[in-house]
Peer 1: 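The structure that follows is given in the form of C-alpha cells.
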Amino acid sequence: MRGSAASDSSVWSRLPHELGDAVRPRIPEIARACVDAIAAEIPEYSGRFAGGPGRAAAIELARRGIERDVDRVGTPALWQADRLAGFRGHGRDAFHSGLSREAVQAAVRVSSRVTWRWIADIAREAGLSGDVLYGAAEGMFADVETSMAAVAEGYSAAEAAVSGTGERHRRLLRALLGGRTFAAEPFPAEPGKEADSLAAASGLPLPERVAAVAFRALPGAPEFPPDLLPEHVPADPAGDPPAALTPAPDVDLIGLAALPPGWTAAVGPLVPPAEAPESFRVARRAVDLAARGLLDAPGPVIWCRDHVTTLLLLADEFLVAQLASTTLEPLAGLSGRRREQLAETLLALVRTRGSAPELGRLLDLHPQTIRARLKKLGELFGDKLDDPAERLRLELALLAERALPDRG
C-alpha cells in the first residue's frame, strides 16, 4: 500500500497549479455536495447528516479533507503522511459511532465520486486540457483505493481494541472475584501482583474499594442488554458465573434498573479489592435467596447493604433453623394463630423491654391484651425474659423464623 501512496502522490504533483487554484474557492460547495450525497445514498448516514450539528460537523470534516487533498496539486513529491492517518481515524470513529464497515467505506466511494465530478466540471470551466482531467481522474481513483484501505484498517483496529479491552476486563474481573492467579497468562503470577498487572493492561486503576455484582437470569430470559453498564466496568453477565465489579456502584449501576424481565442483580458490599471474592459470595447468596422468595427487593436490583440482617441470619440455614427450633420450643405446643400472636409480642418485648402500654402502642393493641400475652410468655419462658443473653437468642430465633417461614 505504500507504493500506492507514493504513486498517487506523484500523479497529483504533476498536475498544474491552475487546477488547485480553480478548485480551492469551490471547496465549501463540494463539501456540502458530498455530505448531501452520502445522506441520500447511505441509509446509516441519512439521519446523522439530515441537519443540525451533525451535518455541520460532517461538512467541516469534508471541507478540511478536500482542502488537504487539493494542496497536493502541483507540489513535487509531497505526500501528506497524515492523510491516511485521518482516514484511519474516520474508520475508528465510525466503529465507535455504531456505523457498519460497509457504510463508512461506501461513504468514501460516494464522496470521491462527487468530488471528482466537481473537479472535472471546474477543470473544464477553467479551460484545462484533457490531460489534466485524465491525471486528476487517475489521482482520484488511487485515492479511493488507499482511503478505503485506511478506513478499513482503522475500523478493524477499533473493533479489535474493544474486543481486547473487553477480554482484559473479564480477566481482571475473574482475577479479583476468584482470588487466584493464572500461571499461563503473560502477566506476573506472584501473589498480589496479578490483579495490578491486569488492571494496568485494562487501562483501569485498581480502586481502593470495589463492589461485586452477581446476576441471575431465568430460563428464556432475553440477553443482557450491552448498554446497561458503562464501558469501564469489568463485567461478564453471560459468564459462569455472571458477574461485574465496580468501585462506584451507586453511579455505575444506575442502568441496571432497566434490566429486562427474568433478570435479577445483587450488589455486594464495598470492600478492599483483596476481599472482592467475599463481596461476590454475599451477592450470589442474595440472588439465590431472592429466587427462593426469602429476600424482597422493590425492583430487579438487590442492594445487599439493605438486607444485612437477613443475609447474616441465613448465612447458615441449618444452624439458624436449629436456633429457632430449640430457642422457641416453648411455643411449639400452641395453635397457629395463638403462636403467631405470642411470637409477635415476644419479639417486641425482647427488642424494647417496654411496658404493656408501650407495647400496646407499638403493636396497636389494648394494654390489657398485651398484659395477658406477657403473662403467658412469662409462664412459657420464665427467667429467660430477664437474661440479656437469652433475650438476644430469642430475638435472633424470632427473626430467623420470619426469614425462613417454611421452617417455622
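We're numbering straight along the sequence, starting at 1.
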Peer 1: Is it true that Ser100 and Glu44 share a donor-acceptor pair across their side chains at a distance under 3.5 Å?
Peer 2: yes
Peer 1: If you measure from OG1 on Thr246 to CG on Leu229, what distance do you get to the nearest 0.5 Å?
Peer 2: 8.5 Å
Peer 1: Return yes if a side-chain donor-acceptor contact under 3.5 Å exists between Arg216 and Thr264, otherwise no.
Peer 2: no
Peer 1: Between Ala212 and Ser279, what is the shortest heavy-atom contact and its length?
Peer 2: N-OG, 3.1 Å
Peer 1: Cationic tip of Arg305 within the cone over Trp303's six-membered ring, i.e. under 6.0 Å and within 45° of the normal?
Peer 2: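 Yes - Arg305 lies over the ring of Trp303, closer than 6.0 Å to its centre and within 45° of its axis.
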Peer 1: Hey, does the side chain of Tyr155 reach the backbone of Arg88 with a donor-acceptor pair shorter than 3.5 angstrom?
Peer 2: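 No.
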Peer 1: Evaluate whether atom CD of Glu125 has more than 12 neighbouring non-hydrogen atoms of other residues, nucleotides or ligands under 6.0 angstrom away.
Peer 2: yes
Peer 1: How are the rings of Trp263 and Phe224 set relative to one another: parallel (under 30°), tilted (30 to 60°) or perpendicular (over 60°)?
Peer 2: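 Perpendicular.
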Peer 1: Parallel under 30°, tilted from 30 to 60°, perpendicular over 60°: which one fits the rings of Phe49 and Tyr45?
Peer 2: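 Plane angle between 30° and 60°, so tilted.
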Peer 1: Do other residues, nucleotides or ligands put more than 12 heavy atoms under 6.0 Å from the CD atom of Glu329?
Peer 2: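 Atom CD in Glu329 is not crowded, with 12 or fewer foreign heavy atoms closer than 6.0 Å.
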Peer 1: Looking only at non-hydrogen atoms, find the nearest pair between Ala235 and Ala244 and report the distance.
Peer 2: CB-CB, 3.7 Å
Peer 1: Take Asp21 and Arg24 through the salt bridge (Lys or Arg N to Asp or Glu O under 4.0 Å) test and state the conclusion after the steps.
Peer 2: CA-CA 6 Å; Asp21 294 340; Arg24 198 166 282 108; 3.5 Å; yes
Peer 1: Would Arg72 and Asp143 count as a salt bridge (Lys or Arg N to Asp or Glu O under 4.0 Å) here? Give the steps.
Peer 2: CA-CA 12 Å; Arg72 290 182 291 158; Asp143 280 354; 2.6 Å; yes
Peer 1: Heavy-atom distance under 4.5 Å between the side chains of Arg351 and Leu399, does that happen here?
Peer 2: yes
Peer 1: Begin from the C-alpha positions of Asp386 and Arg353 and carry the test salt bridge (Lys or Arg N to Asp or Glu O under 4.0 Å) through to its verdict.
Peer 2: CA-CA 9 Å; Asp386 298 318; Arg353 296 292 290 163; 3.5 Å; yes
Peer 1: What closest approach, in Å, do Leu313 and Ala400 show between heavy atoms, and which atom pair accounts for it?
Peer 2: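 Closest approach of Leu313 to Ala400, heavy atoms only: CD1-N, 4.0 Å.
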